[in-house]
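So the structure is just underneath, and the comments pick up after that.
Residue numbering restarts at 1 for every chain, and letters A, B, ... go by the order of the sequence lines. Keep in mind it's a predicted model, so treat the numbers as computed, not measured.
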Amino acid sequence: MTNEELARTFEKIADLLEIKGEVIYVVLAYRRAAESLRILGQEADVYRTSQPLNTIPGIGKAIAEKIIELLDTGKLGFLEKLEAEVPVSLLEILEVPDVGPKKVALFWKQAGITTLADLEIAAQEHRLRQLPGMGEKSEQRILEGIAALRRRSHRMTLGVARPIGLRWVEWLQAQPCVQQAEFAGSLRRWRSTIGDLDLVAACDDSAALMAAFTSHPEVVRVLGQGENKSSIELSNGLKLQLWTQPPENFGSLFQFVSGSKEHNVRLREFALKQGWSLSERGLTGTDGKLVTYSDEESLYKALGLPWIAPELREDRGEIQAAQTGDLPALLKIDQLQAELHSHSTWSDGVNTIREMALAARQRGLKMLAITDHSASLGIAGGLKAEDLLRQRAEIDLVQKEMGSDFRLLQGTEVEIKADGSLDYPDEVLAQLDIVIASLHVSLRQPRPEVTARLLKVMQNPHVDIIGHLTGRLLPNREGADLDMDSVLKAALENGLALEINANPARLDLDEVYSRRAAEMGIPLSINTDAHSPADLDLIEYGVSVARRAWVEPEAVLNCWSVEKITAWLQSRGRN
DNA sequence: GCCGTTTTCGGCCCGACTGTTTTCAGTCG
């Protein structure tokens with residue numbers, strides 16, 4: 001059983017317990033445990049061989065025992081009993097917007113409603129309005145909620161969400177009363193996928209701004225409108241929320257809406273210990289006086305902390321690190337010296353080697369590896385081994401033209417075939433400057449097979465980097481089901497680097513395993529996998545993964561000097 | 001259910017908005 005499966009089990013327990021009416025802190029404890037497992041970076045089954053499970057934050061004796069039972073038997077008596085008490089089908093009702101655990105329990109216990117279909121029929125027949133605390137409007141809202149659930153759009157990738165967010169910030173900034181506007185929420189924290197879009201504005205005529213916002217031409221539905229907060233839905237199903245505060249309190253608002261919720265809860269606990277109550281309105285002292293903050297820095301400073309970068313605000317130890325001065329020195333885009341994964345017209349890239357090299361140099365890079373696909377990836381026009389010689393001639397030519405302060409490498413993104421062999425023979429790989437090996441096909445193999453396939457490749461001394469490790473495609477296609485503990489161990493033993501693929505549809509390695517890999521001492525390589533000059537700018541998404549993973553520049557291959565990268569390649573037997 | 005330089009027991013974040021209510025409960029972020 002994987003950490004993800006364990007986490008889902010505990011979330012299910014939390015939901016069922018909450019409907020049942022269990023004390024909220026018990027429910028929260030299960031949710032916290034689920035999140036802890038997700039970010040552990042090591043399978044619980046492996047973790048427990050070296051340390052007891054209750055050394056994981058948020059996991060105590062009771063949940064540790066449940067994990068052990070799940071790992072050993074695949075079942076959990078506690079959950080089975082719970083499921084006998086609370087119908088599991090109630091969980092689909094819990095998905096309906098504006099329906100929470102209390103309403104679900106009400107529908108179930110007082111109207112015998114146990115499925116989404118039951119609920120819809122009851123609402124249509126106006127039976128819900130007869131229940132206590134329910135009325136005509138609530139009933140209507142539930143029908144709308146069920147409809148919204150049906151047309152619910154998936155989470156967006158960061159690559160889709162960012163341009164939308166930027167566009168709305170521009171619109172906000174153009175509104176007459178707005179002095180400052182930003183997007184916040186998970187988009188500002190650079191989470192790999194985004195649900196709703198959160199916007200904040202400093203403004204001294206909130207009513208006018210909210211009116212403009214809710215009557216924007218793209219709005220198909222106003223989900224809520226108040227003095228400080230409004231929520232709208234666009235025709236494509238995207239939900240936007242706008243929060244406002246007067247300019248003198250913009251910092252508190254920005255901090256609050258940026259989240260994460262978990263970070264905010266932790267920060268509020270921290271504030272409380274110092275006698276402050278923290279909210280989006282500012283800090284309230286024990287004397288009841290409110291202090292406002294126009295920027296985030298001064299808010300964190302008032303709590304005795306340095307400013308914490310949004311990428312770190314996930315309650316993964318950042319507040320403690322801030323307190324002790326141990327926040328990581330986060331990576332910045334201009335620290336990157338090299339792009340080690342790119343494509344040209346020799347395979348499925350749209351630009352020539354020369355165009356790619358010029359574009360890389362223009363962006364301040366000092367090194368570019370051309371890593372076209374190998375032959376068997378027919379869909380991408382992969383190169384046959386004999387073409388590599390002609391490509392080498394062209395690369396030499398462009399290298400001469402670029403001069404000595406820019407280094408061009410001839411590499412390959414060699415295909416890992418379904419049987420774990422590579423697409424080029426070793427003697428061909430040996431002649432290249434850099435070799436990335438990637439999975440593109442047969443990703444659905446069972447865990448033992450796909451892991452063994454990768455481990456075999458990792459033992460090949462001619463392979464330097466494993467590209468986009470799992471092959472996942474965001475937001476919806478899962479990657480290969482790899483035994484990550486074995487894979488990371490093999491990377492370390494063989495001195496390989498692992499790629500953080502910067503394409504927003506990949507971001508693979510993810511932040512959890514990037515963090516783990518860096519802690520283990522495995523070099524990371526942040527690459528755009530560029531198929532055109534514009535793709536080189538995707539690097540910011542890759543950098544965001546490294547930042548969210550607390551990875552510092554020394555752990556990133558591309559941040560090393562050209563000399564150091566070359567030395568690393570030579571140490572691996574390259575010319 | 002978890003956790004501890006205020007606690008091994010008694011705490012565990014905070015406010016906006018909505019709809020149902022005449023003062024509050026539920027949901028959400």
| Contacts of type side chain to side chain contact (heavy atoms under 4.5 Å, CB included), residue A:E85, not counting sequence neighbours | A:K20
| 5' to 3' on DNA chain B, which nucleotides open and close the contacts with chain A (atom under 4.0 Å from a heavy atom)? | B:dG1 to B:dG29
| message | Measuring only the C1' atom in each nucleotide, how far is B:dT18 from B:dT23? A whole number of Å is fine. | response | 15 Å
| message | Here's a test of your reading of the structure: between A:L131 and A:L94, which maps to the more 5' nucleotide of DNA chain B? | response | A:L131
| message | For A:Y300 and A:Q255, which I'm curious about, is there any donor-acceptor pair between the side chains at under 3.5 Å? | response | yes
| Is the shortest side-chain N to carboxylate O distance from A:R516 to A:D510 below 4.0 Å? | no
| Within the structure shown, what part of the strands sits under 4.0 Å from A:L28 by heavy-atom distance: base, sugar-phosphate, or nothing? | nothing
| request: Would you mind classifying the nucleic acid contact of A:P132 as base, sugar-phosphate or nothing, using non-hydrogen atoms under 4.0 angstrom? | output: nothing
| Using atom P of each nucleotide, how far apart are B:dT27 and B:dC12 to the nearest Å? | 22 Å
| field | Exercise: do A:R129 and A:H126 side chains pair donor with acceptor under 3.5 Å | value | yes
| task | Answer yes or no: is there an ion pair linking A:R31 with A:D15, defined by an N-O contact shorter than 4.0 Å? | result | yes
| request: Determine the contact category for A:L272: base if any of its heavy atoms lies under 4.0 Å from a base atom, sugar-phosphate if only primed atoms, P, OP1 or OP2 are that close, otherwise nothing. | output: sugar-phosphate
| said: Could you tell me how far B:dA25 sits from B:dC9 if I compare only their C1' atoms? Round to whole Å. | reply: 30 Å
| field | DNA chain B contacts among residues 51-62 of chain A, heavy-atom distance under 4.0 Å | value | A:P57, A:G58, A:I59, A:G60, A:K61, A:A62
| query | Would you call A:R547-A:E552 a salt bridge at under 4.0 Å N-O? | reply | no
| request: Tell me what A:K66 touches on the nucleic acid: a base, only sugar-phosphate, or nothing, going by heavy atoms under 4.0 Å. | output: sugar-phosphate
| said: Tell me whether the count of non-hydrogen atoms from other residues, nucleotides or ligands lying under 6.0 Å of CD in A:E227 goes above 12. | reply: no
| Expressed in whole Å, how much space separates the P atoms belonging to B:dG11 and B:dT7? | 13 Å
| request: Consider only side-chain N and O atoms of A:S89 and A:T115, and report whether a donor and an acceptor are under 3.5 Å apart. | output: no
| field | A:K66 NZ/CZ over A:F78 ring centroid, <6.0 Å and within 45° of normal | value | yes
| task | Provide the distance between the two C1' atoms, one in B:dT6 and one in B:dG10, to the nearest whole Å. | result | 13 Å
| request: Tell me which of A:S277 and A:D198 sits closer to the 5' end of DNA chain B, going by the nucleotide each one is nearest to. | output: A:S277
| said: Just to be sure I understand the rule, does A:V257 reach a base, reach only the sugar-phosphate, or reach nothing, if contact means heavy atoms closer than 4.0 Å? | reply: nothing
| field | Polar side chain donor-acceptor pair, A:S258 to A:R188, under 3.5 angstrom | value | yes
| If you look at every strand shown and take non-hydrogen atoms under 4.0 Å, does A:K102 touch a base, only sugar-phosphate, or nothing? | sugar-phosphate
| task | For A:Q245, report the nucleic acid contact type (base, sugar-phosphate, nothing); a contact means any heavy atom under 4.0 Å. | result | nothing
| In the strands shown, is B:dG11 matched to any nucleotide by a Watson-Crick or G-U wobble pair with both distances under 3.5 Å, and which? | B:dC2
| query | When we call it a touch if two heavy atoms are under 4.0 Å apart, what does A:R141 touch: a base, just sugar-phosphate, or nothing? | reply | sugar-phosphate
| task | Just call it for A:F256: base, sugar-phosphate, or nothing, with non-hydrogen atoms closer than 4.0 Å on any strand. | result | base
| said: Please report the distance separating the C1' of B:dT8 from the corresponding atom of B:dG4, rounded so that it comes out in whole Å. | reply: 8 Å
| Separation of the P atoms in B:dG26 and B:dT20, to the nearest angstrom | 14 Å
